[in-house]
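Everything on this sheet refers to the single structure shown next.
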Amino acid sequence: MYKYLIFDTETTGLNIVHDTPFLFQYGLVDANLNLVSKHYFKADDIANKQQFITYLKQINTYVGANIKFDIHMLINAGIDINIFEDKNFIDVMVLARLVVPHDKQNTRGGVFKIGLKDMAAQFLGINAKNEERKLRTELSQLTLAHKQQMKNYFIQENVWAWNNKSNTTQTKVLNEIYNNWHKHFHKYESLADARTEFLEKYPAPTYADVSNVVTYGIKDIDLTHGLFKLWYPQIVVLRQVETLKRISEATLPLIYMEREGLTIDLDKVMRDRNAILAEMERVKLFDPRTNEPLTVGQHARLKQVYEYESGMLLKSSDKASRAEILDASPTARKVDYLARLEKYLSTYVNGIIRKISPDNKIYTQYNLAGTITGRLSSDFQQFPKEAFTMETGHIIDVRSWFIVPENATYMFYFDYSQLELRLQCEWTAIVNGSPDTNLARAFYPYKCVEKNGKYYHEEDPSIEWTPTDLHSLTASNAFPTIDRNDPDWDHYRSLGKRTNFAVNYGASAPKISEALNVDMQTAQALVDGYRQAFPGVVAFGKWIGRRVYSTSSIPNLFLRRYYSTNKHQLQNWLVQGSGADLLLMKLREVYNYIKDKPHWKLLITVHDEVGFTCANIPETQLRKEVADIKQILSYRLTAVDIIADVEYTTTNWSNKEDWK
DNA sequence: AGCGAGCCGTAC
DNA sequence: GACGTACGGCTCGCTG
């Protein structure tokens, strides 16, 4: 009788492993998508919880807004994770991405607001923002009171050393301690114990302490149902069934991955933090005109300073602009260094300290609806690859902080090789009937004749096949008079490489000129060199240009449809989105493979790579299973194969090396 | 004090 | 209209 179960939780916080729900809301929905009844119960209400679990078991399709988060909360509330095996997960945020016309989602410069309240306002005409505002206002009042209570506690415990200072100073100190402890704790060591004791005795207020949380929570069931009823039928109409199913099947693997977390070498993070703090203490920034202190974030003022020191007009204060006046501007040189220190301290060091759990792990959520193409997004996607050496010689290597967890021996990284280029090659084959020759020859001896185990170009058998050097090809087309043995060839090849990337992303000559800092004539030569090298890709673009006039949508290689007429962006979406859907599909397949092999655990995924931990198993078994996973991840297209390279480490992420 | 836009820097 | 997709931190201006 009930076909769909909508649920939502209100929780003590956002940590997917350590926070718990205090309120559960759910709704029962029949086959006609009508909401039959709504229910809620508190965490200690055993009888109602049992009833809810019965529904969880009976009903096969769950509906939610950011449903993965609520599944985590159900697990944290003690509900058996095995209940969720083989269920269907429908997330209204995912429905939005599949159903709302993509040109409408694509507010260039802005963001498509995908939060429940925003979508309810936009698509249901229901204004639920007031309830949310009321909730936030009340919580913020409770939090302010709690902050004052903390100060009083410090005074009472005789650890508050600022009574003789101005109110402004005291407020600043209190804010640093209360709101931004993860940034400032090194300045208040003598307070650390008292602060911990206070927070244990008097925990910070949460949504649980707010008066309207039940009405707020139950309203979310209505909003979620409203969007579900509006959009779910459209999934069939708009031919997104396969994609919704693929996303649903990737949901539980991602939940397991998210719960694994990343293990941090906190001691090393702290050592690096101290090194950065000391260096930032040494290198201070001042406005040369006034001697006032400056921070690297004051872009507008810094731009004035750069112009003052160099006598040149700049269009920005960013790294590229600084590069133009580096010799003339001491401040620009200082900012180059200081901005990097600041970035590493704020975003990586303090960011990890803010997020780290008592188990020395950091957790994240992979957003299934974060991108227009279908890529996952997460805050694990931008940890710097390169180490950076400070002027003191101290090396900051962010990826070295991520270590093999205690219950494992290895971390493995399966990284798709040239994923998007291969997908682009496949597209050229699909739309032109045969793949772009030079692109295909980068991957295999396409249109070659075999002789004695060697391959020779079909059109000129005197040329032996070697994988196309795509970047040199563009460069030699653009600069036909420059020989590959020229001492400056590396420079020209680098221009070719950057052009290939930029043009694949849709750049034309003006942007090439700007980005590569070459004149328009050179930029045009590079673009022409690209087009001469890859005529199949050019034809792919033209094909899209025709298709947008004849159909309302174009499917990617895994049948996710993009409802758009934007030829320029579609050319990228079809490639990037195909990679995204391949990854979603493969996450499920490797999940199925390791299901009966608990020594393997999903660890991380970033667009074209999947990471695992593995316990200490016999070498022959390990070799076989790594080969199996590599095989599962590979995918045979019509024109080219998608394959994964394998790397591993027994120490930390930075030390990973090729698996042989 | 809270919020949002804009800027910058990091990833694939 | 034209270098794609993201996320996080900081500053600044606006609002109440």
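Just so it is clear, the model here is predicted, and its values are computed rather than measured. In what follows, chains are A, B, ... by sequence order, proteins preceding strands, each numbered from 1.
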Do the side-chain N or O atoms of [X] get closer than 4.0 angstrom to the phosphate oxygens (OP1, OP2) of [N]?
X	N	answer
A/Gln569	C/dT5	yes
A/Gln382	B/dC12	no
A/Lys183	C/dC10	yes
A/Ser508	C/dC3	yes
A/Ser316	B/dC8	yes
A/Thr295	C/dC10	no
A/Lys303	B/dC7	no
A/Thr373	C/dT5	no

Assign A/Arg322 to base, sugar-phosphate, or nothing according to its heavy-atom contacts below 4.0 angstrom with the strands shown. sugar-phosphate
Please report the distance separating the P of B/dA11 from the corresponding atom of C/dC3, rounded so that it comes out in whole Å.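 The same atom, P, in both gives a distance of 22 Å.
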Whole-angstrom distance between B/dC7 and C/dA2, as gauged at atom P: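 Going atom to atom, P in each nucleotide, I get 15 Å.
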Are [X] and [Y] close enough for a salt bridge, meaning some N to O gap below 4.0 Å?
X	Y	answer
A/Glu176	A/Lys172	yes
A/Arg136	A/Glu132	yes
A/Glu647	A/Arg399	no

DNA chain C: 5'-proximal contact among A/Trp573 and A/Thr565 (nearest heavy atom):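 Its nearest nucleotide being more 5', the pick is A/Thr565.
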Quick one, A/Glu420 with A/Arg375, criterion salt bridge (charged side-chain N to carboxylate O under 4.0 Å, His left out). Give me CA distance, side-chain angles, the key distance, then yes/no. CA-CA 13 Å; A/Glu420 292 197 351; A/Arg375 265 192 181 180; 3.4 Å; yes
Ignoring hydrogens and angles, tell me if any N or O in the side chain of A/Gln105 forms a donor-acceptor pair with the backbone of A/Val100 under 3.5 Å.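 Flag set: sc A/Gln105 to bb A/Val100 pair under 3.5 Å.
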Give a yes or no on whether the backbone of A/Gln304 and the side-chain of A/Glu307 come within a donor-acceptor separation of less than 3.5 Å. no
Answer whether the closest heavy-atom distance between the side chains of A/Asp91 and A/Leu368 falls below 4.5 Å. no
Between the protein and nucleotides 13-16 of chain C, are there any N/O to N/O pairs under 3.5 Å, and if so, what are the atom names and distances?
none

Would you mind telling me which of C/dC7, B/dT10, B/dA11 lies closest to the side-chain atoms of A/Lys319? B/dT10
With a 4.0 Å heavy-atom cut-off, tell me which residues in residues 335-357 of chain A come close to DNA chain C, sorted by residue number.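 Under 4.0 Å from DNA chain C: A/Glu342, A/Lys343, A/Ser346, A/Thr347, A/Arg354.
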Tell me which pairs pass salt bridge (Lys or Arg N to Asp or Glu O under 4.0 Å) where either residue lies in residues 286-295 of chain A, with sequence neighbours left out. A/Asp287-A/Arg289, A/Asp287-A/Arg301, A/Glu292-A/Arg301
